[in-house]
Amino acid sequence: MPARWSLRSTLVAIAALTLLPILGLAAWQAEREQAAKADLREASLTAAADLVGARYGELIEASRRLLSAACTADVVRQSANIQPEPVDVSRCESYFTRVLSTAPSQYSVMLVTDDQGVARCASQPTAVGMSFADRDIFQQVRSSGQFAMGEQVASRLGPNTIIPVALPIASDGAFRGMCAVGITLKALGDIAAAPSSGSIGAAVVARDGATIGGDPVAMRRLPMSSRLAASITGGQLDFSEYGRDSSLYQFRVQPITGSTLFAVTSVPIPDGITGLTEGWAAFGLFVLAVIVVLLVVWLSANRWCVQPLRYIQTFAEKVARGEEAKFAPPHAWSPEMASIGAGVSAMAEAIASREAELRAGLEQRDHMLREIHHRVKNNLQMISSLLNLQAGEIRSPRIRRFFGDAQNRVLTLSILHRHLYERSSWSLVDFQQFISDLVRQISVGRRGAERQAPRYHIRAPIMAVGPDTAIPVGLIVTEAVSIALTHDFEGVASPEVRIETIEKDGQVELVIEDNGLRRDAGTLGPDGRGGFGLTLIRGLAMQLGGEATISVKEGGGSRIAVVFPAPGADEGEDV
């Protein structure tokens with residue numbers, strides 16, 4: 001049979017199956033929360049990058065308007081000539097100084113060149129006369145005739161790196177010069193640092209990955225410049241990487257419109273155990289709660305169900321073994337278990353009462369059977385004694401011998417009943433002991449009539465048989481031994497009567513043989529027939545379900561063999 005689950009296992013399994021849908025719902029909710037956090041992180045990065053781009057666009061637009069207002073002034077346009085008047089140059093420098101004083105931290109130097117790229121007026125006098133024709137910004141303005149912004153360059157007029165922006169100066173449709181101003185990196189850094197809040201960091205980098213500006217925290221987060229350059233070149237604008245502070249971040253790179261710069265926003269990504277548990281903390285707590293619930297169910301089932309049932313089982317086993325047991329649970333039970341226990345206790349008391357009644361009845365029956373067998377044995381012995389007394393009045397030896405044979409048959413039944421009431425089982429006798437006592441009693445009765453009594457060799461298996469087998473076998477042995485004792489053992493060196501019983505393959509073979517000489521040839525005929533005793537032996541063998549073989553041994557004596565089925569197991573059951 002397949003192994004059956006215990007009560008505790010079944011209850012825990014039912015509780016687990018009940019909580020399984022809730023556990024799945026919690027896992028789904030945790031997955032949604034984690035996805036929502038990832039989406040929020042993406043949205044925050046995008047919003048921060050858009051804000052940096054918007055603020056940068058505002059700065060560029062403000063710079064364009066500044067140049068548009070400043071460079072259309074007559075004093076500035078007059079300074080764009082190849083040979084401007086010194087007065088115009090002086091007035092232009094003063095004008096540029098006043099303009100830059102409104103935003104000193106955002107701009108470095110403001111200047112005007114002629115059509116050859118030579119500075120004719122500047123907010124810093126040392127710039128006058130310097131050529132900017134080789135600058136990319138000058139080439140863009142002259143070729144496009146529109147507002148242009150160049151790449152970051154090292155300023156020729158100071159130690160700082162700037163982003164130049166410029167407008168063309170035209171007269172009658174012809175290019176007359178360039179009006180330019182340099183945006184400081186501090187202004188770019190302020191723009192990048194402005195949106196940084198909470199865990200979001202923002203910085204501005206060039207195409208080669210070099211840092212332009214940003215808040216210090218965001219710049220420490222940035223990966224190596226080569227990694228940023230590879231991301232920009234390969235178009236990988238969203239990626240995860242370890243920053244310079246050895247922490248894991250998610251980065252978003254977004255081009256800044258109208259420039260060659262890029263806004264880089266970053267947000268920390270939980271790493272290690274923190275990363276594994278992010279978004280799943282509530283689910284983990286729920287799983288822990290489920291485990292606690294299942295453990296409570298297990299312990300409760302053990303405390304309120306299993307332990308009481310085991311106590312009831314132990315109590316029932318003691319009752320079944322007949323041991324004296326008192327039903328006293330070690331602790332209080334639930335009402336249901338207490339009711340079951342009370343029922344079991346009442347049943348045990350009823351069983352004990354019934355067993356006492358049955359035991360008393362059995363003792364009375366045993367006493368009656370013992371008394372019956374004892375009385376039957378005494379009556380048979382009385383009959384045997386009466387036959388013996390009657391035989392004393394008979395003069396004929398032949399008739400006296402017949403009385404002796406009848407006495408032996410009665411004696412056989414008497415010995416059987418004695419064995420029955422002396423044993424604890426009223427329906428079984430010890431086969432070997434019964435045959436031995438029977439032969440001993442017969443030999444004692446015949447001892448006075450024989451000059452030389454034979455020796456008896458008895459070999460029988462130790463087995464218990466019922467009266468249905470013992471009575472025929474006892475009478476067969478009685479008749480066979482009686483026949484053997486009629487033989488003459490005078491002159492026989494070792495007179496003996498051999499009785500053997502062999503059990504093999506479900507058959508029992510009983511052999512009685514002697515080595516005496518026949519006194520009367522008619523007692524045992526050559527054909528194996530003749531005499532009441534032989535007829536009785538054959539009839540008893542048929543009663544056992546077997547047959548008897550009677551033969552004369554060479555050199556004297558006779559051999560009687562009876563083969564019959566071995567007694568069945570049901571014959572040994574008590575009545």
Exercise. Verify whether one side chain among Tyr107 and Ser123 offers a donor that lies under 3.5 Å from an acceptor in the other.
Key: no
Self-check item: Heavy-atom closest contact (Ala166 atom, Ala180 atom, distance)
Solution: CB-CB, 3.7 Å
Quiz prompt | Distance-only donor-acceptor check, side chains Thr72 and Arg77, under 3.5 Å | solution = no
Quiz item: How about Val205 and Leu228: do any of their side-chain heavy atoms sit closer than 4.5 Å?
Solution: yes
Practice problem: Quick one: closest heavy-atom pair of Gly150 and Gln140, and the distance? | Solution: CA-NE2, 4.2 Å
Quiz prompt | Interatomic spacing from OG in Ser171 to CG in Asp115 - rounded to 0.5 Å | solution = 11.0 Å
Quiz item: Quick one: do the Ser144 and Gln146 side chains pair a donor with an acceptor below 3.5 Å?
Solution: no
Quiz item: Which atom pair, heavy atoms only, marks the closest approach of Val109 to Gln124?
Solution: CG2-OE1, 3.5 Å
Quiz item: Should the heavy atoms of other residues, nucleotides or ligands under 6.0 Å from CD of Glu85 be counted, would the total exceed 12?
Solution: no
Exercise. May I have the step-by-step check of side chain to side chain contact (heavy atoms under 4.5 Å, CB included) for Leu100 and Val181, ending in yes or no?
Key: CA-CA 9 Å; Leu100 292 182; Val181 68; 4.1 Å; yes
Exercise. For Asp245 and Ser247, indicate whether the former's side chain and the latter's backbone hold a donor-acceptor pair under 3.5 Å.
Key: yes
Quiz item: In terms of side-chain heavy atoms, does Asp238 have a donor or acceptor partner in Gln250 at a distance below 3.5 Å?
Solution: no
Quiz item: Where is the tightest heavy-atom contact between Arg176 and Ala170, given as atom of each residue plus distance?
Solution: CG-C, 4.1 Å
Quiz prompt | Contact summary for Gln507 and Pro565, nearest pair of heavy atoms | solution = OE1-N, 3.7 Å
Quiz prompt | Working for side chain to side chain contact (heavy atoms under 4.5 Å, CB included), residues Phe147 and Val141 | solution = CA-CA 7 Å; Phe147 174 82; Val141 171; over 6 Å; no
Quiz prompt | Side chains of Glu93 and Pro125 in contact at under 4.5 Å (non-hydrogen atoms) | solution = yes
Quiz prompt | CD1-CD distance between Ile269 and Glu241, expressed to the nearest 0.5 angstrom | solution = 10.0 Å
Exercise. Using a strict 4.0 Å threshold on nitrogen-to-oxygen distance, state whether Asp114 and Arg120 make a salt bridge.
Key: yes
Exercise. Could you tell me whether Arg227 atom CZ has more than 12 heavy atoms of other residues or ligands within 6.0 Å of it?
Key: yes
Self-check item: Heavy-atom donor-acceptor pair, Ser339 side chain to Pro335 backbone, under 3.5 Å
Solution: no
Quiz prompt | Contacts of type ring pair (Phe, Tyr, Trp, His ring centres under 6.0 Å), residue Phe251, not counting sequence neighbours | solution = Phe239
Practice problem: Nearest 0.5 Å please: distance from the CD1 atom of Ile163 over to the OG1 atom of Thr184. | Solution: 10.0 Å
Exercise. Determine whether Val76 and Phe96 make a side-chain contact, defined as any pair of heavy atoms from C-beta on separated by less than 4.5 Å.
Key: yes
Practice problem: First locate atom CG of Asp50, then atom OG1 of Thr265, and finally report the distance between them rounded to the nearest 0.5 Å. | Solution: 9.0 Å
Self-check item: Main-chain N/O of Ala230 paired to Thr233 side chain as donor or acceptor, under 3.5 Å
Solution: no
Practice problem: Compare all side-chain heavy atoms of Thr113 with those of Ile169 and state whether any distance is below 4.5 angstrom. | Solution: no
Practice problem: For the pair Thr314 (side chain) and Arg310 (backbone), establish whether a donor and an acceptor sit closer than 3.5 Å, ignoring hydrogens and angles. | Solution: yes
Quiz item: With ring centroids as reference points, do Tyr242 and Tyr249 lie under 6.0 angstrom apart?
Solution: no
Self-check item: Side-chain touch Leu222/Ser266, heavy atoms, less than 4.5 angstrom
Solution: no
Exercise. Find out whether Cys121 and Leu111 are in side-chain contact, i.e. whether some heavy atom of one side chain is under 4.5 Å from a heavy atom of the other.
Key: no
Self-check item: Val204 and Val264: CA distance, side-chain angles, deciding distance, side chain to side chain contact (heavy atoms under 4.5 Å, CB included) verdict
Solution: CA-CA 6 Å; Val204 177; Val264 181; over 6 Å; no
Quiz item: Between CD of Glu363 and CG of Leu358, what distance do you get to the nearest 0.5 Å?
Solution: 11.5 Å
Practice problem: Would you please name every residue forming a salt bridge (charged side-chain N to carboxylate O under 4.0 Å, His left out) with Glu357, sequence neighbours left out? | Solution: Arg354
Quiz item: Yes or no on side chain to side chain contact (heavy atoms under 4.5 Å, CB included) for Ser63 and Ile183, after CA distance, side-chain angles and deciding distance?
Solution: CA-CA 8 Å; Ser63 300; Ile183 302 174; 3.6 Å; yes
Quiz prompt | Heavy-atom side-chain proximity of Tyr56 to Leu261 below 4.5 angstrom | solution = yes
Self-check item: Arg65 and Glu61 ion-paired at < 4.0 Å
Solution: yes
Exercise. Please find out if less than 6.0 Å separates the ring center of Phe132 from that of Phe138.
Key: no
Quiz item: Hey, are the side chains of Arg64 and Ile60 touching, using non-hydrogen atoms and a 4.5 Å cut-off?
Solution: no
Self-check item: CG on Leu67 to CG on Leu167, rounded to 0.5 Å
Solution: 5.0 Å
Quiz item: Do side-chain atoms of Ser101 reach the backbone of Arg98 as a donor and acceptor pair under 3.5 angstrom?
Solution: yes
Sequence neighbours excluded and cut-off under 3.5 Å, please list the side-chain donor-acceptor pairs for residues 290-302, or say none.
residue : atom : partner : partner atom : Å
Ser300  : OG   : Val296  : O            : 2.7
Asn302  : OD1  : Arg8    : NH1          : 3.0

Practice problem: Considering non-hydrogen atoms only, spot the tightest contact between Ser225 and Gly209 and give its length. | Solution: OG-O, 3.4 Å
